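What follows is a set of notes on a single structure, which appears directly below.
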Amino acid sequence: MASVFLKNKARSGLAELKTALRILREKGPSQVQFWFIALLIGVGAGFAALFFRRGISALQNWTYGSDDVHLLHSFASTLPWYWIVITPAIGGLLVGLILHNFTPDGRVRSVADVIEGAALADGRVEKRAGIASALASLVTLGTGGSSGREGPVVHMAAVISTWFSEKMHADGITGRDLLGCAVAAAVSASFNAPIAGALFALEVVLRHFAVHAFAPIVIASVAGTIINRWEFGDMTEFQLPEASQLAFYVELPAFIVLGLVCGVVAAALMRAIFVGEDLASHVQEKFSIPRWLRPAITGVMLGAIAVFFPHIIGVGYETTSAALTGELLLWEAVVFAVLKVLAVSITMAGRMGGGVFSPSLMVGALTGLAFGLIATGIFPDVSGSHMLYALAGMGAVAAAVLGAPISTTLIVFELTGDWQTAIAVMVAVSMSTALGSRLVDRSFFLTQLERRNVHLAAGPQAYLLAMFRVASLMRPKGDAGCPDEEALWNMVEDGAYIDANSTLEAAMPMFERSGANYLPVVSLSGEDAPPELWGALMHVDALKAYNRALAATAAEEHS
């Protein structure tokens with residue numbers, strides 16, 4: 001009797017679980033259910049970030065003899081020169097083969113793709129290319145590539161949330177919220193920064209601070225932090241030797257100037273990456289270099305630099321720590337900053353993988369230290385510690401690169417544990433972000449997207465137009481609401497028509513220029529083939545679809 005009772009209970013429980021899953025798919029999760037899902041995603045993304053970090057350490061230990069990222073360049077400097085050159089070259093070859101076989105374009109996916117997925121793909125990203133990108137970035141960072149780990153970790157977390165969204169058949173709002181949860185947990189687990197992780201997801205990825213998204217994102221962020229502390233303890237990423245001192249009022253103008261300098265440095269870092277990428281693509285095309293070989297050539301270039309300056313290898317935490325503790329001379333800070341910018345641009349141009357956050361921290365700390373050494377040398381009586389300038393510079397450059405002044409300010413505090421210098425860091429961050437955002441399209445990620453003709457920097461009023469295909473909004477020819485076919489052909493002959501595969505991004509300017517109430521929709525088969533008339537796109541239909549999308553976006557952002 002007991003066994004029959006247990007079997008009946010098991011069948012009943014299984015039936016209830018199936019019913020719950022069906023309701024979850026059809027109607028979406030309730031608030032409490034969503035919190036549990038956020039917790040589950042936070043745990044998954046947190047472990048993914050942990051395994052990624054441990055994987056980098058294991059590969060670095062095998063290649064350079066150091067499993068501690070804070071001591072990488074010290075170990076590398078003891079190795080033979082040929083090992084320094086060959087290691088990133090082999091790593092680049094592996095990266096090229098991975099990306100060539102598992103991505104359609106040989107390009108590493110990163111934070112920019114996650115932002116695009118949040119805005120234009122209902123919170124989804126490419127899964128196959130994302131997994132390949134994570135593996136490629138792990139090889140890059142483990143074999144000497146000069147980039148950061150936050151980009152691949154964020155995209156890897158986005159792959160996890162995409163899987164959940166597809167299993168749940170989540171709508172756009174739910175998919176974006178799940179994406180925000182995964183990103184927050186990944187950043188928190190990677191840097192032991194729960195506050196900054198949650199705000200990074202809201203500020204950079206979702207690009208709004210809707211109340212409905214806040215609670216689940218915080219839950220996921222805390223889950224990611226717990227996983228980090230379970231493995232590494234409650235330790236800050238960088239250790240400062242002494243409490244920073246700030247001569248209030250008198251010294252604040254110096255931090256304003258530092259912020260402006262950091263804004264220029266951040267813009268130079270971003271521009272160097274974009275110029276390097278264009279130059280590498282031009283060389284690849286001109287000499288017909290296979291795309292799988294491009295990262296290997298990059299690895300040789302990085303190895304050649306690292307023979308003389310191993311400081312460029314990997315994430316750069318050892319040099320960043322040396323800058324924050326004031327262990328570098330002025331000329332060392334300047335030279336290392338310039339070389340790091342060069343190394344990062346080479347790494348990114350070669351499509352080796354990795355992110356830009358950690359490199360921007362290193363460049364910022366070196367910039368701040370150099371500025372502080374000069375400032376304290378000129379005005380020793382009214383200046384605080386030059387290490388405070390390094391801390392402020394670290395936040396200022398990173399904030400301008402990421403376009404995230406709030407989360408970057410907080411992550412600097414959480415990485416160092418120094419909460420006494422808030423005013424200095426905030427002043428420098430605000431000035432650098434204000435200047436840097438005007439020298440590029442808001443941030444590094446949004447400029448990346450702009451270069452791909454994805455216009456997110458201008459806001460939803462610009463990018464929402466690209467979401468609507470003309471073919472999905474047109475009125476077919478012969479339909480009761482479609483204009484006369486002869487009138488449509490007359491407009492086609494006058495050159496006033498639009499391709500069915502176009503979006504409202506192309507159609508709306510045509511309505512504006514022509515003043516017409518409708519546009520013929522055609523299919524263009526080729527240069528010599530005549531166009532095939534499909535129907536007409538009415539101006540009023542386009543405006544209605546656009547207004548509905550704007551209203552839905554506003555409702556989500558203010559819910």
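Because the structure is predicted, anything quoted here is derived from the model rather than measured.
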Do S137 side-chain atoms and G354 backbone N/O form a donor-acceptor pair below 3.5 Å? yes

Using a 6.0 Å cut-off, check whether atom CZ of F308 has over 12 heavy atoms from anything other than its own residue. no

What heavy-atom pair brings L302 and G145 nearest, and what distance separates the two atoms? CD1-CA, 4.1 Å

Donor-acceptor pair, side chain of T367 and main chain of C262, under 3.5 angstrom: no

Tell me the closest heavy-atom pair linking S188 and G197, and the distance in Å. OG-CA, 3.6 Å

Nearest heavy-atom approach of A89 to V300 is CB-CG2, 3.6 Å

Please evaluate residues T503 and L465 with respect to the criterion side chain to side chain contact (heavy atoms under 4.5 Å, CB included), reporting the C-alpha separation (whole Å), side-chain torsions for both, the decisive distance (0.1 Å), and the verdict. CA-CA 7 Å; T503 65; L465 291 171; 5.9 Å; no

Minimum-distance pair of heavy atoms, taken over all atoms of P359 and V344: CB-CG2, 3.5 Å

What pairs with L373 under side-chain contact (heavy atoms from CB on, under 4.5 Å), at least two apart in sequence or on another chain? L330, L369, H386

Counting only heavy atoms not in L120, do more than 12 sit closer than 6.0 Å to its CG atom? yes

Side chains of N192 and F232 in contact at under 4.5 Å (non-hydrogen atoms): no

Validate the cation-pi geometry between R149 and F191: distance from NZ or CZ to the six-membered ring centre under 6.0 Å, angle to the ring axis within 45°. yes

With sequence neighbours left out, write down each residue that passes side chain to side chain donor-acceptor pair (under 3.5 Å) with S407, or none if nothing qualifies. E203

Considering only heavy atoms from C-beta outward, does the side chain of V440 approach that of F444 to under 4.5 Å? no

Side chains of residues 104-111: which donor-acceptor pairs under 3.5 Å do they make with residues two or more places apart or in other chains?
from, atom 1, to, atom 2, distance (Å)
D105, OD1, R107, N, 3.2
D105, OD1, R109, NH1, 2.7
D105, OD1, R109, NH2, 3.4
D105, OD2, R107, NE, 3.4
R107, NH1, D113, OD1, 3.2
R107, NH1, D113, OD2, 3.2
R107, NH2, D113, OD1, 3.2
R109, NE, E126, OE2, 2.9
R109, NH1, R107, O, 2.6
R109, NH2, E126, OE1, 3.3
R109, NH2, E126, OE2, 3.2

Quick one: are E116 and Y463 in side-chain contact, heavy atoms under 4.5 Å? no

Heavy-atom side-chain proximity of E150 to V153 below 4.5 angstrom: no

Please tell me if the side chains of F200 and L410 come closer than 4.5 Å, counting only heavy atoms from C-beta onward. no

Hits for side chain to side chain donor-acceptor pair (under 3.5 Å) against E557, two or more places apart or cross-chain, chain-then-number order -> none

For residues 335-357, pull every pair meeting side chain to side chain donor-acceptor pair (under 3.5 Å), keeping only residues two or more places apart or in separate chains. S146-K340

What's the spacing between I406 CD1 and L199 CG if we round to 0.5 Å? 7.0 Å

State whether R54 and E231 are salt-bridged, where the test is any N-O pair (Lys NZ or Arg NE/NH1/NH2 against Asp/Glu carboxylate O) under 4.0 Å. yes

My understanding is that only residues two or more places apart in sequence, or in another chain, count here; which of them pass side chain to side chain donor-acceptor pair (under 3.5 Å) with R128? none

Applied to residues 124-153, the ring pair (Phe, Tyr, Trp, His ring centres under 6.0 Å) test, sequence neighbours excluded, yields none

Are the side chain of S360 and the backbone of V397 linked by a donor-acceptor contact shorter than 3.5 Å? no

Close side-chain approach of V114 and F445, heavy atoms under 4.5 Å: no

Reported CG-to-CD1 distance for the pair L141 and I313, which is rounded to 0.5 angstrom: 12.0 Å

Assess the residue pair E332 and H311 against the criterion (side-chain hydrogen bond (donor to acceptor under 3.5 Å, both in side chains)); give the C-alpha distance rounded to whole Å, side-chain angles, the decisive distance to 0.1 Å, and a yes or no. CA-CA 11 Å; E332 291 177 319; H311 310 77; over 6 Å; no

Is the shortest heavy-atom distance from the side chain of I84 to the side chain of W81 under 4.5 Å? no

Check for a donor-acceptor pair, side chain of T63 on one end and backbone N or O of G142 on the other, with a separation under 3.5 Å. yes

Check: R207 side chain, A118 main-chain N or O, donor-acceptor pair, under 3.5 Å: no

Does any non-hydrogen side-chain atom of E277 lie less than 4.5 Å from one of M348? no

Nearest heavy-atom approach of Y64 to G144 is OH-CA, 3.4 Å

Can you name the closest pair of heavy atoms from P460 and T553 and give their distance? CB-CG2, 4.0 Å

Taking side chain to side chain donor-acceptor pair (under 3.5 Å) as the cut-off, I'd like each qualifying pair that reaches into residues 424-446, sequence neighbours left out, listed once. none

What salt bridge (charged side-chain N to carboxylate O under 4.0 Å, His left out) pairs are there with at least one residue in residues 278-287, not counting sequence neighbours? D278-R451

By side-chain contact (heavy atoms from CB on, under 4.5 Å), V275 pairs with (sequence neighbours left out) none

Within the distance-only criterion (no hydrogens, no angle test), does the side chain of T225 pair as donor or acceptor with the backbone N or O of S221 below 3.5 angstrom? yes

Is the side chain of T408 donor-acceptor paired with the backbone N or O of G395 at a distance under 3.5 Å, no angle test? no

Check against side chain to side chain contact (heavy atoms under 4.5 Å, CB included), W292 and L93: CA-CA 7 Å; W292 56 266; L93 181 60; 3.8 Å; yes

Using the test side-chain contact (heavy atoms from CB on, under 4.5 Å), find all partners of A134 that sit at least two apart in sequence or belong to another chain. M156

Side-chain (R53) to main-chain (S190) donor-acceptor, under 3.5 angstrom: yes

I'd like to check the side chain to side chain donor-acceptor pair (under 3.5 Å) partners of E327; sequence neighbours left out, ordered by chain and number. T325

